[in-house]
A.B. asks: 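I'd like to ask you about the structure that follows.
As the structure is a computational prediction, the values presented were derived from the model and not from experiment. Both counts, for ligands and for their atoms, begin at 1 and track the order of listing.
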Amino acid sequence: MSDNHHAPDDDEGHTGPIKNPRQLLLAVVFAFVIPIFVIVGIVQYVTSGDISANSELYSETAVMGRIQKVGRIELGGGSHALKSGEEVFKAQCTTCHSAGLLGAPKFGDAAAWAPRIKTGYEALLNSAIKGKNAMTPQGGGAFDMVEIGRAVVYMANAAGAKFEEPKAPAAPAAAASAVK
Ligand code: HEC
């Protein structure tokens, strides 16, 4: 008789801690979701170790370099930014001097340049800076005097002159002392 009473209790004991579908669902969720969080946590821990080890990649200058603005304006135009004679020629002078427009002496035309070269570098530079007849000042450009000088030397030398290229002002301090 006592056996008959205990039989149902024993059956319940065999089902374990999961007694209904809701508990089963919870068990499944915990069995899959918690390990995922653990794995994510481990990965984050490992990679954060990498970041501090890669100090060069994440140094302040490296990061600033990566997040700096795209455009940048440099005022004053340091001497390092001066164009070469060839660059100025290609940017400005070629318009007239390659084809001989408006009676301009052609690039590389020794016969056209010879009488002008005889007047000397200073005279040619002066014409290039202030303009001459059909040539507007600087040929219409807006260059540094050194750049215009280089362009004059570039053109004149290509037509037989042996002018020396003007040097860029060495340093602001030197320029200031020259003014005194
Ligand atoms: C708009 C056309 C034009 C452009 C651009 C131009 N030139 Fe000229 N250039 C002339 C003409 C025209 C002459 C001839 C002027 C004359 O002797 O009547 C000339 C002459 C010259 C001479 C000889 C001046 C002399 O005293 O005999 C030099 C040097 C010269 N150009 C340099 C330059 C340089 C450097 C540039 C570029 C920065 C330049 N030119 C751009 C038209 C131009």
A.B. asks: Counting heavy atoms only, which of A161, P137, C93 comes nearest to atom 35 (C) of ligand 1?
C.D. replies: C93
A.B. asks: Please find out if atom 8 (Fe) of ligand 1 and some N, O or S atom of S127 are separated by less than 2.8 Å.
C.D. replies: no
A.B. asks: Please list, in number order, the atoms of ligand 1 under 4.0 Å from a heavy atom of Q92.
C.D. replies: 5 (C)
A.B. asks: Tell me: protein heavy atom nearest atom 15 (C) of ligand 1, and distance?
C.D. replies: K132 O, 3.7 Å
A.B. asks: How long is the straight-line distance from CD of Q92 back to CD of Q138, given to the nearest 0.5 Å?
C.D. replies: 8.0 Å
A.B. asks: Which atoms of ligand 1 have any heavy atom of N133 under 4.0 Å away?
C.D. replies: 16 (C), 18 (O)
A.B. asks: Can you tell me if P105 has a non-hydrogen atom under 4.0 Å from ligand 1?
C.D. replies: yes
A.B. asks: For atom 17 (O) of ligand 1, tell me which residue out of M155, K118, E147, R116 has the closest non-hydrogen atom.
C.D. replies: R116
A.B. asks: Are L125 and W113 co-members of a hydrophobic cluster defined by side-chain heavy atoms under 4.5 Å apart?
C.D. replies: yes
A.B. asks: At less than 4.0 angstrom from any non-hydrogen atom of Q138, what atoms of ligand 1 do you find?
C.D. replies: 38 (C)
A.B. asks: Under 4.5 Å between side-chain heavy atoms, hopping through other hydrophobics if needed: is there a path connecting Y121 to I117?
C.D. replies: yes
A.B. asks: If hydrophobic residues (ILVMFWY) are linked whenever their side-chain heavy atoms come closer than 4.5 Å, directly or via other members, who joins V28 in its cluster?
C.D. replies: F32
A.B. asks: Which heavy atom of the protein is the closest neighbour of atom 5 (C) of ligand 1, given with residue, atom name and distance?
C.D. replies: G139 O, 3.3 Å
A.B. asks: What is the closest protein heavy atom to atom 42 (C) of ligand 1, and at what distance does it sit?
C.D. replies: M135 CB, 3.5 Å
A.B. asks: I'd like to know if atom 8 (Fe) of ligand 1 has an N/O/S atom from H97 within less than 2.8 Å of it, counting both backbone and side-chain atoms.
C.D. replies: yes
A.B. asks: Heavy atom to atom 11 (C) of ligand 1, shortest distance: which of A104, A99, G100 holds it?
C.D. replies: A104
A.B. asks: Looking only at protein heavy atoms, which one is nearest to atom 12 (C) of ligand 1, and how far off is it?
C.D. replies: L102 O, 3.3 Å
A.B. asks: I'd like the name of whichever of Y121, W113, F107 reaches closest to atom 22 (C) of ligand 1 through any heavy atom.
C.D. replies: W113
